[in-house]
Amino acid sequence: MSSSLERVDLDGNQIKPITICMIGAGGFIGSHLCEKIMNETPHNVLALDVYNDKIKHLLEPDNLPWHGRIHFHRLNIKNDSRLEGLIKMSDLTINLAAICTPADYNTRPLDTIFSNFIDALPVVKYCSENNKRLIHFSTCEVYGKTIGSFLPKDSPLREDPAYYLLKEEDSPCIFGSIEKQRWSYACAKQLIERLIYAEGAENGMDFTIVRPFNWIGPRMDFIPGVDGPSEGVPRVLACFSNNLLRGEPLKLVDGGESQRTFVYIKDAIEAVLLMIENPARANGHIFNVGNPNNEVTVRQLAEMMIQVYSKVSGEQTPETPTIDVSSKEFYGEGYDDSDKRIPDMTIINKQLGWNPKTSLWDLLESTLTYQHRTYAEAIKKVIAKPIAT
């Protein structure tokens, strides 16, 4: 691992090994970040989470080059007295813990608000009081709807980037009415951002806020009934993957007209490592992390995934590839959505020189190859089981 010890930052300074307290290390983003840190850097990780299934491969073997550099602590930050001690032992805390599945925002709004605001308060407090740096994961949902979505459908202004491109420093954050509980997540995330920013301004806390724009890749979410609840509704990629694995039509909520940009997890993790290792360039900043080149409607995403899955699995495209469902039917009362989410990349490019590389087709091929390899046999067994009567 000698080469990793000679790592230098963007300004040519040698990077010293640090200890990172990673909250939510067992999740989708956390598992990829832990892998990258173990494989490419000399840093140590205190991995905090309730589950460790996605990082088991990093924890078990004793003879790997990173043996002794990653330690798993099974805890829930809601009510664990060990949290402050672990933050104190670290140079940097990364908070990834969140309820971040749209199906939960309407049905579990209280849990959503508590998870994303109340439970994050002690983390911010301990970092501020102990003079520790914090990288906090927020969401592109803090922007809410674009100004363009309020213009008439045929308005040429809808094509003007000023009305839809989301900029960290000057885009307004527009949410639906209080009855639309879908925005419970975005509001909680925005309020914790404001609190972190205030801790920086008033008490000098070093912070970086990350706004992910639809990061996708292997290990994202769960497949219902296989490695998650059978009644659960995961996010769009896992939702569509589940339908493809089962040979079912992909359900398009409200016609799948919402537009999204998707970025490959491996590209996004590069950006996070740059933030970790370049505090002088990252502190005090909010960074959009996405890929503006990979914009599609949800319907186009479904159509592309059907094609890619057919290629990687060798299976025929289903006769009825997609069906339309209403958001009320799919998510329940109180659902609302943002129209477009295109990140402006000026700040991250200027500060960290980061640009995403992977095309939508390539990242879908990589991800669906993983999904098919990991789940196809398990799904067949679930489908084959006789239903108890």
Inspect the surroundings of [atom1] in [X] and state if more than 12 heavy atoms from other residues, nucleotides or ligands are less than 6.0 Å away.
| X | atom1 | answer |
| --- | --- | --- |
| Phe114 | CZ | no |
| Lys266 | NZ | yes |
| Phe117 | CZ | yes |
| Asn131 | CG | no |
| Phe150 | CZ | yes |
| Tyr197 | OH | no |
| Arg74 | CZ | yes |
| Lys78 | NZ | yes |

Handout entry: Same apolar cluster (I L V M F W Y, side chains within < 4.5 Å links), Ile20/Leu46
Key =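 Ile20 and Leu46: separate clusters.
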Closer than 3.5 angstrom, by distance alone: can the side chain of [X] be matched with the main-chain N or O of [Y] as a donor-acceptor pair?
| X | Y | result |
| --- | --- | --- |
| Trp354 | Glu270 | no |
| Thr369 | Glu365 | yes |
| Asn243 | Glu248 | no |
| Thr112 | Arg108 | yes |
| Arg133 | Phe207 | no |
| Asp49 | Gly26 | yes |
| Asp267 | Lys357 | yes |
| Asn95 | Ala97 | yes |
| Asp9 | Asn278 | no |
| Ser366 | Asp362 | no |

Identify whether the distance between the nearest side-chain nitrogen and carboxylate oxygen of [X] and [Y] falls below 4.0 Å.
| X | Y | answer |
| --- | --- | --- |
| Arg341 | Glu295 | no |
| Arg299 | Asp324 | yes |
| Glu141 | Arg182 | yes |
| Asp11 | Arg281 | yes |

Nearest-0.5 Å distance, [atom1] of residue [X] to [atom2] of residue [Y]:
| X | Y | atom1 | atom2 | result |
| --- | --- | --- | --- | --- |
| Ile379 | Arg246 | CD1 | CZ | 4.0 Å |
| Ile323 | Lys251 | CD1 | NZ | 5.5 Å |
| Leu360 | Met304 | CG | CE | 4.5 Å |
| Leu273 | Leu33 | CG | CG | 7.5 Å |
| Asn293 | Ile342 | CG | CD1 | 10.0 Å |

Exercise for the section: Please name the residue in the list Tyr264, Phe137, Phe262 that meets the ring pair (Phe, Tyr, Trp, His ring centres under 6.0 Å) test with Trp215. Expected result: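 Result: among Tyr264, Phe137, Phe262, Phe137 is the only option passing the ring pair (Phe, Tyr, Trp, His ring centres under 6.0 Å) with Trp215.
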Exercise for the section: From the options Trp183, Phe175, Tyr185, select the one residue that forms a ring pair (Phe, Tyr, Trp, His ring centres under 6.0 Å) with Tyr105. Expected result: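 Only match with Tyr105 under ring pair (Phe, Tyr, Trp, His ring centres under 6.0 Å): Tyr185.
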Just wondering, do [Y] and [X] contact through their side chains at under 4.5 Å, heavy atoms?
| X | Y | value |
| --- | --- | --- |
| Arg7 | Glu40 | yes |
| Leu59 | Ile70 | yes |
| Asn13 | Val8 | no |
| Leu166 | Pro343 | no |
| Phe287 | Leu352 | yes |

Practice task
Please name the residue in the list Leu368, Thr322, Ile306, Leu252 that meets the side chain to side chain contact (heavy atoms under 4.5 Å, CB included) test with Phe240.
Solution key: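 Among the candidates, only Leu252 passes.
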Handout entry: Distance-only side-chain donor-acceptor flag, Asn130 / Glu84, under 3.5 Å
Key =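 Indeed, the side chains of Asn130 and Glu84 share at least one donor-acceptor pair under 3.5 Å.
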Practice task
Before giving the answer on side-chain contact (heavy atoms from CB on, under 4.5 Å), spell out for Lys153 and Arg158 the whole-Å C-alpha distance, their side-chain angles and the decisive distance to 0.1 Å.
Solution key: CA-CA 8 Å; Lys153 283 261 189 279; Arg158 276 177 173 256; 4.2 Å; yes
Exercise for the section: Quick one: do Glu193 and Arg211 satisfy salt bridge (charged side-chain N to carboxylate O under 4.0 Å, His left out)? Show the steps, please. Expected result: CA-CA 10 Å; Glu193 277 199 23; Arg211 289 181 182 159; 2.6 Å; yes
Handout entry: From Arg219, Lys56, Lys36, Lys54, residue fulfilling side chain to side chain donor-acceptor pair (under 3.5 Å) relative to Ser31
Key =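 For Ser31, the side chain to side chain donor-acceptor pair (under 3.5 Å) check succeeds only for Arg219.
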Handout entry: side-chain contact (heavy atoms from CB on, under 4.5 Å) evaluation trace for His136 with Lys189
Key = CA-CA 10 Å; His136 185 84; Lys189 281 290 200 187; 4.3 Å; yes
Practice task
Give the C-alpha distance, both sets of side-chain angles, the deciding distance and a yes or no for side-chain contact (heavy atoms from CB on, under 4.5 Å) between Leu48 and Leu86.
Solution key: CA-CA 9 Å; Leu48 282 55; Leu86 291 162; 3.9 Å; yes
Practice task
Describe, in one word, how the ring planes of His372 and Tyr309 are oriented to each other, choosing from parallel (under 30°), tilted (30 to 60°) and perpendicular (over 60°).
Solution key: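 Rings of His372 and Tyr309: perpendicular, over 60°.
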